[in-house]
Amino acid sequence: AKGAGKNQWRRYQRHLHDEMVERLELRSALDHAVNEGHFLLHYQPIVDLVSGRAAGFEALVRWHHPARGVITPDQFIEVAEESGLIVPMGRWVLEEALRTVSEWRRVLPPGQAPYVTVNVSVRQFREAGFVDQVRNALQHTGVPARSLMLEITETLLMKDDEQRIWADLSTLREMGVRIAIDDFGTGYSSLGYLRQRPIDVVKIDKTFIDDMVTSPQPLALVSGIVSLARNLDLTVVAEGIEDEAHRDLLVQLGCPLGQGFLFSSPLGPTEVLAWMTRSEI
Ligand code: C2E
Ligand code: CA
Ligand code: CA
Ligand code: CA
């Protein structure tokens, strides 16, 4: 039995070792990708649930790996966060998203261009000068602040340096940039905290949308968020809408906006304008 235990221990050690090597390899490949600019953005429409028209698009990063093809963020965001590589990557994401909006504004009739919403990691806020980075990027792309929204996840906001981040968010908001709380409902914040915060949009996490059709608790939560948001003059976006039942229930509850595979998966940059004109017919 002692021998067996020893073997098990060795196997466990080997497993840990493999995992560590894998993470280190991923980290150095990611470092290379950041230096070489091996990323691209896909854009998922955020749709008016009644009219079906796109109000904006969420920019979602992809890693274009020379050998492995297009890799989605669930496979590298965590390592990017841990290593701090999310900071230079995030800077590129912001710039690229704004370049794309300025292109939409160039080709679409005045007032028709959708906004873009960009995911921002708390690590980016911790870097000095994030607010200036946003201001500069808006300036040199010529995109008005109203056409940019920043998404920050609720769980990350609950951590340390909260006060400084809220102060930066207030400044950005005074500039006209809109602020969304992402994955709402998954953190431990009460609905009440929305009241005093510089927030424009609440994005309800997909897990609640999945479950609300069949169980009363998530339904009550979604309905509570929608009515509170209306009282506080916030906009609500429901995430992960995959079928008509979700959409119909959300419309009944008075939820104005949503995104999900029912409308469209994230689109390549050249597919966005085609999708917009198609949805208009
Ligand atoms: P998220 O911000 O919650 O983005 C929504 C994710 O749900 C996207 O996955 C999107 O493709 C997926 N999705 C959209 N509609 C549906 C649906 O109807 N059903 C299902 N099952 N999934 C749907 P994606 O693109 O893989 O991104 C995953 C996460 O990676 C994002 O979650 C976000 O937290 C993070 N992320 C993506 N791009 C960036 C970025 O540029 N910066 C940072 N910091 N994080 C990013
Ligand atoms: Ca998001
Ligand atoms: Ca989300
Ligand atoms: Ca999420």
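Being a predicted model, the structure only gives us computed values, none of them experimental. For ligands, and for the atoms within them, numbers begin at 1 and follow the listed sequence.
In terms of distance to the Ca ion (ligand 2), the nearest N, O or S atom of Glu58 is named OE2. Closest N/O/S atom of Asp182 to the Ca ion (ligand 3): OD1. The Ca ion (ligand 3) is closest to atom OD1 of Asp183 (considering only N, O or S atoms). Closest N/O/S atom of Glu239 to the Ca ion (ligand 3): OE2.
Of all the atoms in ligand 1, the ones that sit under 4.0 Å from a non-hydrogen atom of Glu239 are 3 (O). Set against the non-hydrogen atoms of Glu58, the atoms of ligand 1 under 4.0 Å away are 2 (O), 4 (O). Listed by number with element, the atoms of ligand 1 under 4.0 Å from a non-hydrogen atom of Ile86 are 44 (N). Set against the non-hydrogen atoms of Lys206, the atoms of ligand 1 under 4.0 Å away are 19 (N), 20 (C), 21 (N), 22 (N). Ligand-side atoms of ligand 1 in range of Val93: 41 (O), range being under 4.0 angstrom from any heavy atom. Under a 4.0 Å criterion applied to the non-hydrogen atoms of Asp183, ligand 1 contributes the atoms 3 (O). Taking every non-hydrogen atom of Gly260 and a distance limit under 4.0 Å, the qualifying atoms of ligand 1 come out as 15 (N), 18 (O). Close contacts between ligand 1 and Pro266 involve ligand atoms 11 (O) [criterion: under 4.0 Å to a heavy atom].
Residue contacts to the Ca ion (ligand 3): Glu151 brings no N, O or S atom closer than 3.0 Å. Residue Asn119: an N/O/S atom is found under 3.0 Å from the Ca ion (ligand 2).
Within the 4.0 Å heavy-atom cutoff, Glu81 does not count among the residues contacting ligand 1. The closest approach between a heavy atom of Gly240 and any atom of ligand 1 is below 4.0 Å. A heavy-atom separation below 4.0 Å is not found between His42 and ligand 1.
Other residues, nucleotides and ligands contribute more than 12 heavy atoms inside 6.0 Å of the CD atom of Glu242. Environment of CD in Glu82: crowded, with over 12 heavy atoms of neighbouring residues, nucleotides or ligands closer than 6.0 Å.
A cation-pi arrangement, defined by a distance under 6.0 Å to the six-membered ring centre and an angle within 45 degrees of its axis, is present between Arg178 and Tyr115.
The backbone N or O of Thr72 lies less than 3.5 Å from no partner atom in the side chain of Arg62, so there is not a single donor-acceptor pair.
Phe261 and Leu250 fall into different hydrophobic clusters, where Ile, Leu, Val, Met, Phe, Trp and Tyr are joined by side-chain heavy atoms under 4.5 Å apart, directly or via other members.
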